Amino acid sequence: MRTPLTNPFQPGSDVVPDVWAGRVEQLSDWRDVVRPRRRAGLYERGRTILGEPGTGKSSLVRRIARDAARSGDWVTPQLRMPSGADPLKLVASAVLRLADHAGLRATATQRVLQLLDRVEQVAVSGFSLSLRGADGTEPFTALYELLVELGRAAIDQDVVVVIHIDEVQNIADEAALSQLLIALGDALTHETEVSAPGGVLLKRFLPITVYLTGLPDFEDMAGSRKGATFARRFRTTTLTALDEGDLREALQPFVMNEWDTPDDQGGLETVRMEPEAADAVVALCCGEPFLFQLAGERAWNAGSAPAITERDVLAGWRGAEGEASAHVERILNRLPAREHEFVNAMADLPAPERTATTIASRMGMSSATQIGPTSQRLDTVRGIITRGKPYTFRNRAVEAYLTTDWPSTR
Ligand SMILES: Nc1ncnc2c1ncn2[C@@H]1O[C@H](COP(=O)(O)OP(=O)(O)OP(=O)(O)O)[C@@H](O)[C@H]1O
Ligand SMILES: [Mg+2]
C-alpha cells in the first residue's frame, strides 16, 4: 500500500537507502579489488572517499560495510568524528570491540593482554595519554599493535577487517590526525609471516582495510601536510552527482511494476511509477543523491493510488523546493569566497563562453592564470565544475540553481 509508512525513499543522512542508484565503480572496487587483494595478503591502499554534502559518501561506505558484515567480515560501525573529538579514543574503542568479537582475549598471551589494557587506556584518555608522558607505548603505537594482532586473527579466520571513519574533516587537531593516520597506515603496510604448505614462511600484508569519508576539506588537511606518505597509504576518490542512466535504472523496478510493498491484509501490493513520473524525478533531482530521495519521497506521499504520476512528482516537489534550495545553498555557502565568486561568474556567462579567460575577466582579473588554482580546486577537489573547453558544471544542481528558476517548476 502506498502510505508514508511504506515509503522506500529516504532523504536523510547516514542510511543505506532502499532505492539505490549507481556507485557501481566504488562498489566493485571493494568487491573485486580491495577485499580480494587484502584477503589474499596483497598490498592495497586504504580508500578516502570525499565529496560535497549529500553526495552519498556515508551511505556508500555503510553499504560496503553492510555487505562485508554479511560475508562474515569484521566491521566497525560508522565511526563519525564529532567536531573536536579525539579520534584515537573512538577508533581505539571500536578496535577493542572488534578484538572482543574476534575472541582475541580468550587466546591472548601475556603480551596481548597488556596490549589490550593499553588500548583500553587509549579508549578512555585518547591522544592526551602521550601528552601526559604516561609510561608505556605511545597511544598510536598501541593501537597499531592491536590492529596487527586483530589482522593476524583475521588471517586465521579468513575474514577481512573493515574500519570506517566518517566526517574525517572534523579532526581538527593536527597531531591527533597525524597519529591516527600513522596507526592506520602502519597497519595497512605491516607485513607478517605466515607458514605456507611445506613449512615455508611467506610474508603477507594483513587483511585489513580502512575507509575514510568526509568533506573535500580533508584533502587539504591530510593531502598537503602528510604528503606522499598519505598518498601511498590511501587512495582518494571524489564522489560527484549520479548520472541520469543510474537514476533511471534505480527507478526501473517501479516503472516495470516490480516494487512490492505490504498491503493492509498482510499481503503484498505493487506500487508503480509512470515513466513520465520517473523522468520528472530524474530531471528535478539534478543527480544529487539527497534530492533524488527527497523527490521520490514527496512524490510517493503526494497520493495513495498504486501508480505514482508525473502530477504527484510535481506536486510533491513543490513542497520540497525550500529544502532543495537549502541543499544547494549549503554547498555554495561552504565555498571560500574566491571559489564562490568563480562559480557565480561562470554561471553568469552563456554556456559556450565559459572559458578561463572570460571567467577571469568577469572576476576583474587580467589573466586566466590568476584563477588557475581556484578552478582547479573546483574541479579536482570538489567536483563542482569540469575544466573542459569550455568549462562546464559537473554539479548539475548548482548549475540549475544559478542559471534557471530551479527548483521552482512554475
Ligand atoms: N547511491 C545512492 N543512491 C540513492 N540514494 C543515495 C545514494 N547514496 C546516498 N543516497 C541518499 O543521499 C542522501 C545523502 O547521503 P549521505 O548521508 O550518505 O551523504 P553524505 O555525502 O555522507 O553527506 P554529508 O556530507 O552530509 O555527510 C541520503 O538520503 C541517502 O539515502
Ligand atoms: Mg555523511
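The analysis underlying the following values was restricted to heavy atoms, covering all of them including side chains, and did not include hydrogens, waters or symmetry mates. Start at 1 and go down the list; that is how both ligands and their atoms are numbered. Predicted model, so just to flag it, every value in this text is computed and none were measured.
A donor and an acceptor atom, one from each side chain of Q78 and D166, are located under 3.5 Å apart. Side chains of Y401 and E329: a donor on one and an acceptor on the other come within 3.5 Å. Side-chain atoms of T270 and D260 include a donor-acceptor pair closer than 3.5 Å. Using a 3.5 Å distance cut-off with no hydrogens or angles, the side chains of T386 and R394 do pair a donor with an acceptor. For the residue pair T358 and T355, a side-chain donor N or O sits within less than 3.5 Å of a side-chain acceptor on the partner. If you check the side chains of S178 and E174, you find no donor sitting under 3.5 Å from an acceptor.
Here S59 fails the criterion, with no N, O or S atom under 2.8 Å of the Mg ion (ligand 2).
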Ligand 1: protein N/O within less than 3.5 Å of ligand N/O:
| unit_1 | atom_1 | unit_2 | atom_2 | d |
| --- | --- | --- | --- | --- |
| ligand 1 | 1 (N) | A21 | O | 2.8 |
| ligand 1 | 3 (N) | A21 | N | 2.8 |
| ligand 1 | 5 (N) | Q293 | NE2 | 2.8 |
| ligand 1 | 12 (O) | F290 | N | 3.3 |
| ligand 1 | 15 (O) | S59 | OG | 3.3 |
| ligand 1 | 17 (O) | D14 | N | 3.1 |
| ligand 1 | 18 (O) | S58 | N | 3.4 |
| ligand 1 | 18 (O) | S59 | N | 2.7 |
| ligand 1 | 18 (O) | S59 | OG | 2.5 |
| ligand 1 | 19 (O) | G56 | N | 3.1 |
| ligand 1 | 21 (O) | T55 | N | 3.2 |
| ligand 1 | 21 (O) | G56 | N | 2.9 |
| ligand 1 | 21 (O) | K57 | N | 2.9 |
| ligand 1 | 21 (O) | K57 | NZ | 2.7 |
| ligand 1 | 22 (O) | S58 | N | 3.0 |
| ligand 1 | 22 (O) | S58 | OG | 2.7 |
| ligand 1 | 23 (O) | G54 | N | 2.9 |
| ligand 1 | 25 (O) | K57 | NZ | 2.7 |
| ligand 1 | 29 (O) | Q10 | O | 2.7 |
| ligand 1 | 29 (O) | G12 | N | 3.0 |
| ligand 1 | 29 (O) | G12 | O | 2.7 |
| ligand 1 | 31 (O) | Q10 | O | 3.2 |

